[in-house]
Structures are given as C-alpha cells and as structure tokens.
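Read the structure below first, then the notes.
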Amino acid sequence: MIAKLIMMAKLIMALAVILASSRTISSYIDGIREVFWPPPTSQQQLLSYAQKATAGTSFGYHDAEVINDMKMVGMEEMRAVTAFTAKRSVLKEKMSAELKAKRVPGDVIDAVVEGISSVSKYSNSFEEFVVDSSGTGKIFKATVMLKPDRDDDESSQVAMAVSGAQFNAAAEVQTYEEEEVPVFQEVEEIENVVETGYLGDYKVAKTVKKMKHMGTKKKRTPIFKQKTFTKAKLESIKKFLEAKTFGEVKMLYGPSHDEQ
C-alpha cells in the first residue's frame with residue numbers, strides 16, 4: 001500500500017513538471033525522467049570521480065618515499081574538500097570563503113575561482129603552479145563539480161577537492177618550463193532550435209551556452225635545482241597529494257557518510 005502511494009506521488013510530481021515545461025515530446029520525457037531518475041548532485045559526482053581516480057592506486061596514506069621527496073625541497077601540503085549550494089550572484093564569494101576556511105592560500109583561491117566562475121556547468125579538474133611576491137610557490141590541482149541546482153533556478157551546486165603543496169620556489173627552483181595553453185570562456189548565443197510537438201516540428205529561439213576560445217595563457221612547470229628531484233618525482237607527489245584528498249572525499253561523502 002505504501003509503495004503504491006509513493007508511486008502515485010511520483011507520478012503526480014512528474015505530471016506537474018510536464019505541465020510546467022514547454023509542451024514538446026522531449027520535454028515530457030525529460031520531465032518524467034527527472035522525477036523518477038533524478039540526476040546526481042555535484043557532491044555525488046565528486047564522489048564518483050574520486051572513486052574512479054583512486055581505483056587501483058598504489059599510494060599509501062603515509063608513503064615514505066614520496067614524503068621524503070617532499071621534505072627534500074621543503075614542501076608543505078595543502079588540502080581542501082567542500083560541497084555547498086549558493087546563489088549564483090554570490091557564488092565567487094562563497095567559493096572563496098569556503099576555500100579560505102580550509103586554509104588554502106589566497107593566490108590559489110583566486111586561480112581556482114577564476115578557472116570556473118565564468119561557467120554555469122563544470123565537471124573536470126585542472127592544475128596550475130603559482131608563485132607569489134615572496135617567492136613562495138604552490139603546485140595544486142582542483143577537481144570541481146559545478147551545476148545548476150534543480151530546486152532553485154538562481155542557485156548552483158558546487159563540490160570541490162583541492163590538493164597541492166607550497167614551498168620556497170625562490171630557493172629551490174632553477175628555472176621554469178613554459179607552454180601556451182588555451183583559455184575558454186562560456187558565452188550565450190541565440191539559436192533557432194528544432195523541437196517536436198503534437199502538430200509536428202517547429203523552430204524555437206533559445207539562448208544556448210557555448211564555450212568560446214578566448215586566447216592562450218602561459219603555464220609554468222618548475223625545474224628544481226636538485227638534480228635528483230626530477231619531473232617524475234614532482235608528478236608522483238602531485239598524484240600522492242590528490243589520492244589523499246580523494247580519500248577524504250570518500251570518507252566525507254561515501255556510503256558510511258550516508259548512513260550517519
């Protein structure tokens with residue numbers, strides 16, 4: 001009896017979504033799918049990403065070799081995991097506040113926020129290297145899941161995992177390798193989209209979001225003075241730090257979290 005009532009409630013919700021949407025066959029199908037099979041939240045997406053990224057990883061939480069390599073150049077770890085929903089009008093400020101509360105350095109926060117604040121949806125990771133005016137260098141990788149909130153058109157869901165380390169680049173880095181990487185920005189364009197209704201196909205003017213190539217920027221990779229500290233060691237450290245951060249994601253948002 002209870003199962004039938006739940007199914008009836010879902011059917012009523014599906015009909016409500018359909019009636020509120022544009023009357024096309026595709027919108028009917030999307031409305032039903034959204035009620036019965038809701039899309040994953042940004043937090044669930046981040047958990048799934050973390051589980052796939054760490055599957056079969058060989059790093060231990062206290063990997064002695066990698067930790068010794070970090071000590072060789074005086075690296076200090078940074079790590080942040082957070083998930084929240086916020087109005088898009090204050091999204092940049094909220095992202096900055098969340099990362100600041102996790103003690104992420106200001107220039108890293110600026111780079112992360114700048115990297116994704118101009119898009120409405122994002123589901124990927126990016127890494128950078130920054131050096132501040134004191135000569136302190138930071139390597140970091142940010143994995144971000146950003147999507148519109150299904151319950152509020154003016155809000156976005158955000159889930160972030162930031163891993164990295166800082167060190168005295170002025171003392172430890174001999175030079176830098178530089179490469180040009182593309183820069184993209186989300187723009188809105190008006191397009192005529194063909195939709196199907198009961199009376200056949202027809203065109204509707206809709207606002208479509210697209211990623212536009214805006215140019216390039218320089219990406220720097222540090223080359224350390226100590227010859228034994230190779231690029232391979234640097235990559236191992238970055239993977240080690242990322243694995244630790246994803247371990248925290250699984251601890252915070254995994255099945256054991258749902259049971260609490």
Report the C-alpha separation of Q166 and T136 in whole Å, then their side-chain angles, then the decisive distance to 0.1 Å, and conclude whether the side chain to side chain donor-acceptor pair (under 3.5 Å) test is met. CA-CA 7 Å; Q166 56 184 354; T136 301; 5.9 Å; no
Are there over 12 heavy-atom neighbours, none belonging to N68, within less than 6.0 Å of that residue's CG? yes
Greater than 12 external heavy atoms within 6.0 Å of K225's NZ: yes
Could you give me the CA-CA distance, side-chain angles and deciding distance for R79 and K244, then say whether side chain to side chain contact (heavy atoms under 4.5 Å, CB included) is met? CA-CA 9 Å; R79 182 165 74 248; K244 287 183 68 176; 3.8 Å; yes
What residues form a ring-ring contact (aromatic ring centres under 6.0 Å, His included) with F224, not counting sequence neighbours? F167, F229
Where do [X] and [Y] come nearest, in terms of heavy atoms and distance?
X: V66; Y: S236; answer: CG1-O, 4.4 Å
X: A80; Y: T245; answer: O-CG2, 4.1 Å
X: M145; Y: T143; answer: CE-CG2, 4.0 Å
X: E93; Y: S89; answer: OE1-O, 4.0 Å
X: I139; Y: M78; answer: O-CE, 4.4 Å
X: D149; Y: Q157; answer: OD1-NE2, 3.0 Å

Compute whether any side-chain donor of one residue and acceptor of the other, for S125 and Y49, lie under 3.5 angstrom apart. yes
Partners meeting side-chain hydrogen bond (donor to acceptor under 3.5 Å, both in side chains) with [X] (sequence neighbours left out):
X: E128; result: K217
X: S48; result: none
X: T54; result: K250
X: E180; result: T216

Kindly state each residue pair satisfying ring pair (Phe, Tyr, Trp, His ring centres under 6.0 Å) with at least one member in residues 129-159, sequence neighbours excluded. F129-Y176
What pairs of residues pass the salt bridge (Lys or Arg N to Asp or Glu O under 4.0 Å) test when at least one of them lies in residues 154-173, not counting sequence neighbours? K87-E154
Keeping to residues at least two apart or across chains, list the salt bridge (Lys or Arg N to Asp or Glu O under 4.0 Å) pairs with something in residues 135-146. D107-K138, D132-K138, K141-E242
Side chains of [X] and [Y]: does their closest heavy-atom pair fall under 4.5 Å?
X: F246; Y: L47; value: no
X: K238; Y: E127; value: yes
X: I237; Y: M75; value: yes

Please report the C-alpha distance between M160 and V81 in whole Å, then the side-chain angles of each, then the deciding distance to 0.1 Å, and finally whether the side chain to side chain contact (heavy atoms under 4.5 Å, CB included) criterion is met. CA-CA 6 Å; M160 297 186 289; V81 175; over 6 Å; no
Residue set satisfying salt bridge (charged side-chain N to carboxylate O under 4.0 Å, His left out) with K52, at least two apart, ordered chain then number -> none
Test of understanding: with side-chain contact (heavy atoms from CB on, under 4.5 Å), list the residues that count as partners of [X], not counting sequence neighbours.
X: K227; value: Q174
X: A142; value: V112, F126, V144, V162
X: T230; value: A232, K233

Could you walk me through whether N168 and V173 satisfy the side chain to side chain contact (heavy atoms under 4.5 Å, CB included) test, starting with their C-alpha distance in whole Å, then the side-chain angles of each, then the deciding distance to 0.1 Å, before giving a yes or no? CA-CA 8 Å; N168 188 343; V173 173; over 6 Å; no
Decide side chain to side chain contact (heavy atoms under 4.5 Å, CB included) for I67 and F240; before the verdict, give the C-alpha distance in whole Å, the side-chain angles of both, and the deciding distance to 0.1 Å. CA-CA 9 Å; I67 291 174; F240 168 70; 4.1 Å; yes
Is there a donor-acceptor pair under 3.5 Å between the side chain of E98 and the backbone N or O of M95? no
